[in-house]
Every structure is written in structure tokens, then in C-alpha cells.
Amino acid sequence: MRTITLTMVATVLALAGPAAAQQAPSPADVLGYELGEHFTDHASILRYVDAIAAASPERVRVERYGESVEGRPLVQVVVARPDYLSRLDGILAANAELARIETSAERARQIAATNPAVVYFSYGVHGNEASSSEAALYTMWDLLRGASEVQGVLDSVVVVFEPAVNPDGRERYVQWYRQARGAVPHPAPVAREHGAPWPGGRSNHSLFALNRDWAWLTQQETRMRLVTWSRWNPQVHVDFHEMSPEATYFFFPAAAPINPNYPPHVLAWGERFGAANASAFDLHGWQYFTAESYDLFYPGYSDSWPSLLGSIGMTYEQAGSGRAGLVYERNDATLLTLRHRAEQHRTSGQATLRTAASGKSTLLGDYAEFHRNVGRDRSDVLLVDDGAGRAGALVALLRAQGIEVERAGRAFRASTEPHTGFATRREFPAGTWRVRARQPRGLLAVTLLQPEVTLDATYSYDVSAWSLPFAYGVEAHSTRGTPDAGWTPAPTASLASAGESAASYGWVLPASFESWQPVTRYLRDGGVARVIEEAITVAGRELAPGAIFLPRMGADSFDVRIARAQLPASAIPVTSGRTTAGPDLGTGSAYTVRAPRIALLMGEGIYATSAGAHWFFLDHTLGLDYDVVDVRRVSNIALRDWDVIVLPDAGGSAVNEDGRKALEAFVRGGGTLIAVGSAARSIAAPIAGIEPRSAPEHPEESRIERALRGRQAREVEDFEEGVPGTIVRARVDRDHPLGFGVGTSDGWLYVLHGGGSVFEPTEDFETAAYFPADLQKVSGVISERNLQRLSNASWIANRGVGSGNIILFADDPLFRHFWYGTFQPFANALLLGPQL
Ligand SMILES: [Zn+2]
């Protein structure tokens with residue numbers, strides 16, 4: 001392995017052109033060590049790219065487009081031929097024409113003949129998959145010195161390198177590794193340097209896997225990057241990853257299931273790039289695999305999202321990851337080195353550049369043709385806005401994705417097909433939203449909004465459904481052709497405004513997540529809110545149980561606090577405490593809500609992404625104060641300082657026996673414990689006497705047949721035992737405080753369910769949401785047996801224990817922080833839990 005690598009480098013050096021080698025310093029010149037001797041920290045990555053930009057300003061440009069959560073610069077490094085770089089804006093403007101529907105085939109041919117293609121390489125989205133950023137520096141240098149492997153490619157392509165997509169995660173890993181290693185790196189897998197502590201370097205600061213975030217845009221790194229996408233409009237995007245150190249190397253073609261929405265040219269190019277990579281690897285005798293493990297179904301990946309915009313989006317996976325360190329001894333006794341890992345990524349990058357360069361006119365032509373035809377023969381989607389803020393939040397996400405959304409200025413009639421679970425309708429009110437399929441990002445829009453994307457396989461690497469109308473609980477319909485209804489581009493959301501006299505008694509807000517966000521700002525500002533248990537009619541508006549009343553009570557600071565809270569347009573100013581139906585605003589049947597004192601449990605055993613989603617939700621989405629507490633310390637510290645303790649999704653060992661006892665004592669003493677997903681399952685019985693429901697027994701008559709079934713049948717059945725992330729409907733008790741404002745107005749909450757875990761309902765506890773009898777799936781993959789298991793089962797369980805109470809969610813309601821519909825019951829648990 002090592003011999004091959006050294007020989008190759010020697011050849012490369014010998015062939016480097018004398019003219020090209022003139023200026024650009026090598027990474028070793030700048031960093032002081034050779035490839036693979038050390039992990040390069042982020043500051044040093046920046047030092048290198050700045051050094052080549054200073055040495056070769058005519059061929060290298062560094063663009064700082066944003067910063068990570070921890071404040072590290074996010075950079076794109078453009079490497080191009082001098083005459084291209086000097087007129088980069090013109091080249092990108094012509095390139096952008098190819099991404100427009102109206103660009104003619106003839107104009108596209110002209111551009112394809114004269115313009116270079118744009119290739120975008122992303123490295124290190126998972127921060128501990130650390131070889132890729134090393135490869136990035138060397139691939140840039142290869143281009144600058146005119147290495148034989150990439151000779152001439154800059155005549156046909158402009159290359160955008162993003163050497164560290166997730167700098168915070170990379171630093172977490174690299175700095176830890178430096179601390180953990182000794183004088184000599186140790187290859188034994190059991191050595192400490194091969195086992196990074198929780199949470200590892202994979203995720204960004206907020207513990208999100210950025211590679212899953214493209215479609216949901218929850219993280220600032222993703223959002224800032226997407227803003228730049230329409231500048232580059234790359235024809236090729238490669239995301240360089242790492243997988244198990246025992247594996248080999250993966251490149252395209254991808255594995256099944258392939259999302260049926262994928263443009264055919266993307267799949268064909270995946271084959272072509274893969275064949276070229278295979279040839280390059282064959283030359284070295286390096287092992288690799290294609291069409292296994294890494295599928296193309298979920299739309300939020302860095303290969304799938306660009307593909308839905310007509311780019312050839314691909315993932316390359318190198319053996320390595322956070323376990324591999326500088327050198328790792330594999331099961332077959334070979335040593336996997338950082339140098340070799342980086343060389344393989346460097347080689348696949350070079351091969352990809354050659355393939356893109358040799359086929360650039362076709363690449364550009366295919367890209368233009370994709371956009372000319374995008375959305376033809378596809379349905380538009382109509383979104384009906386019930387005023388509860390969910391439709392507005394969905395529209396805001398679509399617009400952030402660069403998807404055009406229009407609003408009907410007047411009512412209209414249309415023939416439509418409702419999304420699963422919604423009633424047929426012909427009349428659509430003014431204010432209905434329309435998302436056209438025939439727009440530059442129409443295929444992305446269709447993929448995110450259609451009720452179901454058919455999964456033609458029993459296995460999926462990720463969730464099997466994500467349809468956003470269900471995630472947001474918004475009534476949606478598919479339609480071909482809508483009449484003129486005064487369609488106008490979506491306006492930005494407006495805020496409530498009313499003079500002091502119009503709100504002389506205070507403000508009332510409907511129960512909704514749109515209301516909780518400003519109300520928590522108001523609570524943190526020292527305000528007090530009252531949540532009314534029953535339905536009321538106030539100022540002509542009928543409000544469901546859970547309306548939030550912010551009383552003025554003569555406070556001088558009231559209007560200032562209200563202004564700072566930024567109430568949504570759905571807030572109602574009131575001049576009197578009398579209602580026209582239901583109890584008055586001063587009713588005794590109201591919960592007085594203050595900002596709760598919250599402890600969030602994190603640390604070893606908690607699933608890092610779930611911890612991150614909860615952390616981010618408290619910090620940014622709901623904006624509540626909290627303390628992060630290490631889960632291993634709960635039995636050693638006084639828990640009574642908090643009103644609410646939140647236990648994110650976790651393995652069964654996250655809370656040990658002493659911890660469980662401490663949490664139970666906290667609840668008995670008056671605290672509220674909220675637990676989600678597997679963590680809820682593991683503490684339900686010991687603390688609350690709530691039993692998780694397990695899979696039904698197989699019938700006795702099939703026992704022998706089952707025991708004799710083959711391996712494939714076992715694997716299929718194992719897969720069916722789990723639920724990979726499937727949309728089903730839960731019935732909500734909208735009179736229960738946990739159900740206030742949850743789901744659609746007729747009481748259905750769409751849930752992304754994974755794993756098949758639910759609670760057995762009994763008389764001893766309350767169920768605020770449950771899966772009904774004869775449960776049917778809404779979207780995605782689930783077996784009949786699992787549908788039976790989930791039927792008539794509790795999804796949100798609430799039980800008083802001692803003077804406190806426990807609230808259990810069968811799934812993580814904050815999963816990846818994109819399922820907006822389940823934010824509301826979780827917010828209810830945090831804010832109303834202490835009152836139950
Ligand atoms: Zn990865």
C-alpha cells in the first residue's frame with residue numbers, strides 16, 4: 001500500500017511541468033509536514049489557501065461566504081485558468097443562463113461550446129472524516145502545478161473547492177486527536193486515539209449532521225452555503241466522506257433505492273464518473289465498491305439535493321473516519337494510514353476532474369436540457385392556509401430553498417387530488433399558496449411536497465418519507481393547471497400591530513407554535529401568560545382550547561415587552577376581558593405560565609443528534625433559558641433547582657440505575673420529566689409504570705417454518721421489524737394541555753415514526769395523542785405487522801407521579817429539527833408540563 005503511494009507521488013513530481021511549478025507552494029512548503037503526517041487544523045487549511053491565493057492570484061481566489069457557529073470562516077476556493085478567473089462573473093452569468101427554463105437550446109449550445117463547466121468539491125461535512133480536507137489541499141496544488149493526472153482540465157472546468165464544510169466538527173476532532181496521541185501514533189484499534197469521546201467530531205457545533213440538512217436548512221452553515229449555490233450552479237458536486245476503517249472505497253453508481261424523481265442524466269453520469277474512478281483505482285490495485293450501501297433516496301443529502309437541481313451530485317466514501325487516527329490496524333493486519341486515505345480521495349478527485357473536463361460540453365448541455373424541461377408533466381401543489389402559522393412556516397422554508405411560491409388573491413375553483421388524509425375539495429380560498437412544478441427548482445419542490453415518493457426496495461439508508469405538507473400539518477392538493485386567481489409572489493410574514501388603545505386589556509393568541517415563539521420571548525422578558533383551557537370566542541374569532549392571553553394589568557412596560565416579543569399577525573388585541581363564548585379571559589380555568597427552569601441532559605449515551613436538536617430548539621427555535629447537565633451526574637447533584645428535565649433520545653444505558661432513582665425522586669418531588677424516543681421507552685416502566693408495547697408473538701403454527709427460513713428471508717423480516725421513518729397519523733386530544741393547538745383543526749397530527757416503539761394505553765395514565773385502530777400508513781415504508789403493533793397505542797403519554805409528572809413521546813418530536821408539526825406538543829410539554 002505504502003510502496004504504491006510513494007511510487008505514484010514520485011511519478012507525479014517527475015511529470016510536473018516546469019512552467020506550472022513556478023509559483024504555487026505545496027502544502028508541505030506552507031504547513032511544514034508531508035501529506036498524512038498530521039491532521040491539518042482549520043486555521044492551517046486557511047493558511048494554505050491564502051498562501052496559494054497570494055502566490056497565484058491569477059489562478060486562485062478565496063471567497064469567504066460565511067462563518068460556522070463557533071465563528072470560523074467558511075471558504076470557497078476557486079481554482080481556474082487565468083483568463084477564466086479574470087472574467088469569472090461573466091462565466092458564471094452564462095452558466096446561470098443554463099439554469100433557466102427559458103434559455104433556448106441554441107443559446108445553451110453556444111454556452112456549452114464556449115464556457116467551462118463548474119465542478120464543486122466539498123470536503124469534511126462530517127468533521128471527523130478527516131482525510132478529505134487533506135486531499136483537498138493536495139488536489140488544489142495538483143491543479144496549480146499542472147500535475148499529469150489533471151493536465152489540461154482547467155481548459156474545460158472551473159473548480160470550486162470547499163476544503164472544510166464543517167470546521168467546528170473538524171476542530172473538535174483534530175484538537176482531540178492531538179491531545180490523545182502519544183509520541184508515535186498507535187495502530188491498535190483499542191488505543192485511546194481511536195475512540196473519540198462523546199459527541200465526536202461528526203456534527204457541527206449544534207450537533208447536527210450537516211449532510212442531512214440540505215433540504216431543511218436548520219443550520220447556518222447550510223443556509224449560508226445555499227445562498228451561494230445560485231452563484232455557482234455547478235454541473236458536478238462531490239461530497240468527500242469516510243466510512244468504517246475496515247471498508248474500502250465507495251463511489252457511484254449509487255445503491256438502490258434510487259429516488260424515482262432523479263433526472264436520468266444524473267444517473268447516467270454517475271455511471272460514467274464511477275467507471276473513470278474505477279479505472280484510476282484499478283491502476284493502483286486499490287479496492288473499491290459501487291452500487292452498495294449508499295442509496296439516493298432521501299432528498300436532504302449533499303448528493304441528492306444538488307441532483308434535484310440538475311447537478312451530478314455524488315458521494316465518495318473512503319475507509320477511515322474518526323476511528324482511524326493517523327494509522328489503524330485493520331482486521332486483515334494491513335495498516336490504514338491517513339496518507340493513504342487522502343491519496344485515494346485525491347485520486348478520485350483527479351479522475352472526476354478529468355471526466356468532467358473531457359465531457360464538459362455534454363455536461364453543460366445536459367444541465368441546460370434538464371432546466372428547459374423541468375416540471376413538465378408534473379403536478380403543482382396547492383397549500384391551504386388555515387391561519388395557524390404552519391403554512392406560513394412551510395412557505396418560508398420553501399422560499400429559503402429558492403423555490404418560488406405564489407399566493408391566490410381571490411377564491412378559485414380547481415380540480416385537485418388531496419394529499420393522503422385530507423378531504424377532497426373544489427373551492428379554494430383567497431390566500432391559498434401555489435408551488436409550481438415548472439420552475440428552476442421545481443423538481444426539488446415536487447420531491448419535498450409530493451405525498452409519497454415510491455420506494456422500490458425493502459432497504460433505505462435513511463427515512464422512507466419526508467413529505468413537507470405532513471411535516472408541517474398543512475392541507476395540500478396536487479393539481480394540473482390552476483385558474484387565474486390573482487397569483488402574486490409570496491410576501492414575507494407580517495407582524496401584529498395595534499395601538500395601545502386597541503390592546504388596552506391585552507393580547508390573545510391562538511394555540512399554535514407560531515404563538516409560542518414570541519410568547520417565550522415575552523416570558524423571558526419577565527412577562528406572564530395565561531393559557532385558557534377551553535374554547536373561547538373573542539373579538540369575533542373562535543379559538544380552540546389553549547389560547548394564550550397576555551394581560552396588560554396596568555404594567556407600564558407592557559407595550560415595550562409586546563414590541564420586543566414580535567407577535568405574529570394572528571395575535572388579537574383586546575379591550576375587554578369579556579368573551580362572547582366560553583369563559584372570560586380572567587377565568588379560573590387557566591394555566592399561569594412563566595419561563596420554566598429547564599435542565600437538558602446531554603453526554604455519553606445520549607444520541608448526539610437528538611441532544612443537538614433539543615439544544616438548538618431551546619437556544620434558537622423556542623428561545624428559553626436552560627442548563628445543560630451531564631446525564632452521568634444526575635444522581636450526584638440537586639435536581640430540585642429545575643422545573644423541567646429533558647431527556648433526549650438515548651440508548652438504554654444512558655441513564656443508569658442511580659440516575660433513574662434520582663429522576664424518579666425529582667418527579668415525585670414535583671418536577672416534570674420529559675423523555676423522547678428510546679429514552680422514553682427505557683424509563684417508562686421503571687419510573688412511571690407505563691409499559692412499552694412490544695411486537696406481537698408470531699402464531700404458533702408458523703414456528704417451524706420460521707425457524708427454517710433462509711438468510712434472505714430473515715434479513716427482509718429484520719428490516720420489516722423496524723420502521724425506517726414512516727409517516728402515520730396520530731389522533732390528538734386537543735382538550736389536553738399537551739394537545740393544545742397540535743395538528744390540524746380536526747385533530748390529526750402527522751408523525752414521522754421510526755422504530756416501532758409505542759406505549760400500551762391503560763386507565764392509569766393519560767394519552768394526549770395515539771395511533772388509532774386499523775392504522776394506515778400515510779407515506780413511506782412499513783409492514784402490516786408493524787401497523788398492527790402501532791394501532792390503538794399511545795404516542796404521547798402523561799402520568800402524574802408523586803407531586804410531579806412525566807411526559808413521554810414515543811418518537812423524538814425534534815428529529816433533525818425539521819418536523820415542524822411536532823414542535824408544538826413538545827413546546828406544550830416544556831411550558832405547560834409544570835402546570836399539569
Ligand atoms: Zn460522512
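Nothing here was measured: the structure is a model prediction, and the numbers come from that model. Whatever order the structure lists them in is the order used to number ligands and atoms, beginning at 1. Here, residue 1 is the first one in the sequence, and each next residue gets the next number. Hydrogens, waters and symmetry mates are skipped; everything else that's a heavy atom, side chains included, is used.
If you check the side chains of Y316 and T352, you find a donor sitting under 3.5 Å from an acceptor. Using a 3.5 Å distance cut-off with no hydrogens or angles, the side chains of N261 and T447 do pair a donor with an acceptor. If you check the side chains of Y138 and H345, you find no donor sitting under 3.5 Å from an acceptor.
Using a 30° and 60° split on the angle between ring planes, F250 and Y294 fall in the tilted class, from 30° to 60°.
Counting only distances under 2.8 Å, and ignoring water, the protein N, O or S atoms around the Zn ion (ligand 1) are H126 ND1, E129 OE1, E129 OE2, H241 ND1.
Ring pair F251/F281: centre-to-centre distance below 6.0 Å.
Around the NE2 atom of H194, the shell of radius 6.0 Å holds more than 12 heavy atoms that belong to other residues, nucleotides or ligands.
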